[in-house]
Q: 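Take a look at this one; I'll ask things after.
Only this structure's heavy atoms are used, side chains among them; waters, hydrogens and symmetry mates stay out. Since we're looking at a predicted model, the values are computed, not measured.
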Amino acid sequence: MTTDLDGLKGVIEATLARLLPDHSPIAPDLVAAMRYATLSGGKRLRPMLVCAACTGVGGRLAHALAPACAVEFVHAYSLVHDDLPAMDDDDLRHGVPSNHVRFGEATAILAGDALQALAFQTLAQAPDLPDPVRLRTLTLLTDAVGWRGMVGGQSFDLAAEARALAQEELAALHGAKTGALIRAAVQIGAVVG
């Protein structure tokens with residue numbers, strides 16, 4: 001990464017840490033699992049794309065940070081759920097124990113659910129954005145995450161585990177499971193900008 005990207009990644013990391021809850025009187029393990037899932041590493045590609053698209057069309061980086069973090073919260077939730085025994089059953093993520101290994105399956109599921117809710121709350125409350133922009137970004141993220149996007153792609157992936165996929169099927173799987181959120185990151189950044 002260049003120095004500019006390293007600096008941007010640092011700003012994103014600091015904003016993620018600030019937007020995540022840091023304590024809970026009723027669910028301290030849940031908050032710990034949310035922070036662990038989000039702050040335990042990663043390239044931050046999706047939030048950087050939000051920021052790059054925003055500034056690329058003349059917008060201000062400060063306006064892109066909350067939407068960028070919302071996209072990263074969705075990505076973190078998807079990884080927590082993807083690692084679960086019912087899905088890919090991965091014990092490690094970014095070289096550390098997966099969320100369900102560290103906190104248990106139930107807490108990992110709830111942490112993923114809470115991160116998804118936090119993503120939409122973060123977008124809905126993004127500062128300095130007009131309401132039509134907020135609504136458009138919420139729609140873009142909802143479309144990317146839902147049954148036609150990331151979740152649908154994960155379902156297709158699970159259903160296709162026992163068979164070889166044709167090239168077109170593989171492209172559709174990756175376009176939904178991974179591509180939908182990446183595409184939404186760029187679109188959200190452009191809308192905010």
Q: Can you list the residues that meet the salt bridge (Lys or Arg N to Asp or Glu O under 4.0 Å) rule with R44, with sequence neighbours excluded?
A: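 Salt bridge (Lys or Arg N to Asp or Glu O under 4.0 Å) list for R44, sorted by chain: E13, E72.
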
Q: For the atom pair CG (L84) and CD (E105), what is the distance rounded to the nearest 0.5 Å?
A: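 One finds 6.5 Å between CG of L84 and CD of E105.
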
Q: May I ask you to list the residues sharing a hydrophobic cluster with L173, side-chain cutoff 4.5 Å, ordered by chain and number?
A: F156, L165, L170

Q: Taking distance alone, no hydrogens or angles, what donor-acceptor pairs closer than 3.5 Å link side-chain atoms of residues 58-68 to residues at least two apart or in another chain?
A:
residue: R60; atom: NH1; partner: H63; partner atom: NE2; Å: 3.3

Q: Would you give the length of the straight line joining atom CG of D83 to atom OG of S78, rounded to the nearest 0.5 angstrom?
A: 9.0 Å

Q: To the closest 0.5 Å, what do you measure between CD1 (I188) and OG1 (T139)?
A: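 That separation rounds to 9.5 Å.
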
Q: Membership question, hydrophobic clusters at under 4.5 Å side-chain separation (ILVMFWY): are L181 and I12 in the same one?
A: yes

Q: The criterion is salt bridge (Lys or Arg N to Asp or Glu O under 4.0 Å); which residues satisfy it with R163, sequence neighbours excluded?
A: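 Only E169 meet the salt bridge (Lys or Arg N to Asp or Glu O under 4.0 Å) criterion with R163.
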
Q: Which atom pairs, donor and acceptor, lie under 3.5 Å between side-chain atoms of residues 147-154 and protein residues at least two apart or in another chain?
A:
residue: Q154; atom: OE1; partner: K177; partner atom: NZ; Å: 3.0
residue: Q154; atom: NE2; partner: D82; partner atom: OD1; Å: 3.1

Q: In Å and rounded to the nearest 0.5 Å, what is the CG to CE distance from D157 to M87?
A: 10.0 Å

Q: Are F73 and V11 linked, directly or through other ILVMFWY residues, by side chains that come within less than 4.5 angstrom of each other?
A: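 Yes, same cluster.
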
Q: Do any pairs count as a ring-ring contact (aromatic ring centres under 6.0 Å, His included) and have a residue in residues 33-60, sequence neighbours left out, and if so which ones?
A: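 Listed by first then second residue: Y36-F103.
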
Q: Shortest non-hydrogen contact from V96 to S40?
A: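 What the structure gives for the nearest pair is CG2-CB, 4.2 Å.
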
Q: Taking all heavy atoms of A185 and all of R46, pick out the closest pair and write down the distance.
A: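 So the two residues come closest at CB-O, 3.5 Å.
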
Q: Calculate, to the nearest 0.5 Å, the distance between atoms OG1 and CG belonging to T142 and L135 respectively.
A: 9.0 Å

Q: Among all residues two or more places apart in sequence or in another chain, which pass the side-chain contact (heavy atoms from CB on, under 4.5 Å) test with V80?
A: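 Testing V80 for side-chain contact (heavy atoms from CB on, under 4.5 Å), a comparison that skips the adjacent residues, returns A37, N99, A108.
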
Q: With a cut-off of 3.5 Å and sequence neighbours excluded, list every side-chain donor-acceptor pair involving residues 110-126.
A:
residue: Q116; atom: NE2; partner: Y77; partner atom: OH; Å: 3.4
residue: T122; atom: OG1; partner: L118; partner atom: O; Å: 2.7

Q: If you take all heavy atoms of V31 and H23, which pair is closest and at what distance?
A: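 Reported closest heavy-atom pair: CG1-N, 3.7 Å.
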
Q: Out of curiosity, does M48 fall in the hydrophobic cluster containing L79 (side-chain heavy atoms, cut-off under 4.5 Å, transitive links)?
A: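 No, it is not one cluster - the side chains of L79 and M48 are not joined through contacts under 4.5 Å.
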
Q: Show, in sequence, the C-alpha distance, side-chain angles and deciding distance for R136 and L141, and conclude whether the side chain to side chain contact (heavy atoms under 4.5 Å, CB included) test is met.
A: CA-CA 9 Å; R136 183 67 184 132; L141 191 58; over 6 Å; no

Q: If the condition is salt bridge (Lys or Arg N to Asp or Glu O under 4.0 Å), which residues does D131 pass it with, not counting sequence neighbours?
A: R134

Q: Taking the side chain as every heavy atom from C-beta outward, state whether D91 and P97 have any pair of such atoms under 4.5 Å apart.
A: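 No; the side chains remain at least 4.5 Å from each other.
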
Q: Let me confirm one number: the CG-OG distance from L92 to S98, rounded to the nearest 0.5 Å.
A: 6.0 Å

Q: Would you say V101 and I109 are hydrophobically clustered, going by side-chain heavy atoms of ILVMFWY under 4.5 Å?
A: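 V101 does not cluster with I109.
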
Q: Would you please name every residue forming a salt bridge (Lys or Arg N to Asp or Glu O under 4.0 Å) with R35, sequence neighbours left out?
A: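 So R35 forms no salt bridge (Lys or Arg N to Asp or Glu O under 4.0 Å) with any residue.
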
Q: Quick one: list whatever passes side-chain contact (heavy atoms from CB on, under 4.5 Å) with S155, sequence neighbours left out.
A: none

Q: Return the set of residues passing side-chain contact (heavy atoms from CB on, under 4.5 Å) with V186 (not counting sequence neighbours), or none when no residue passes.
A: L49, A53

Q: Does any non-hydrogen side-chain atom of V50 lie less than 4.5 Å from one of V192?
A: no

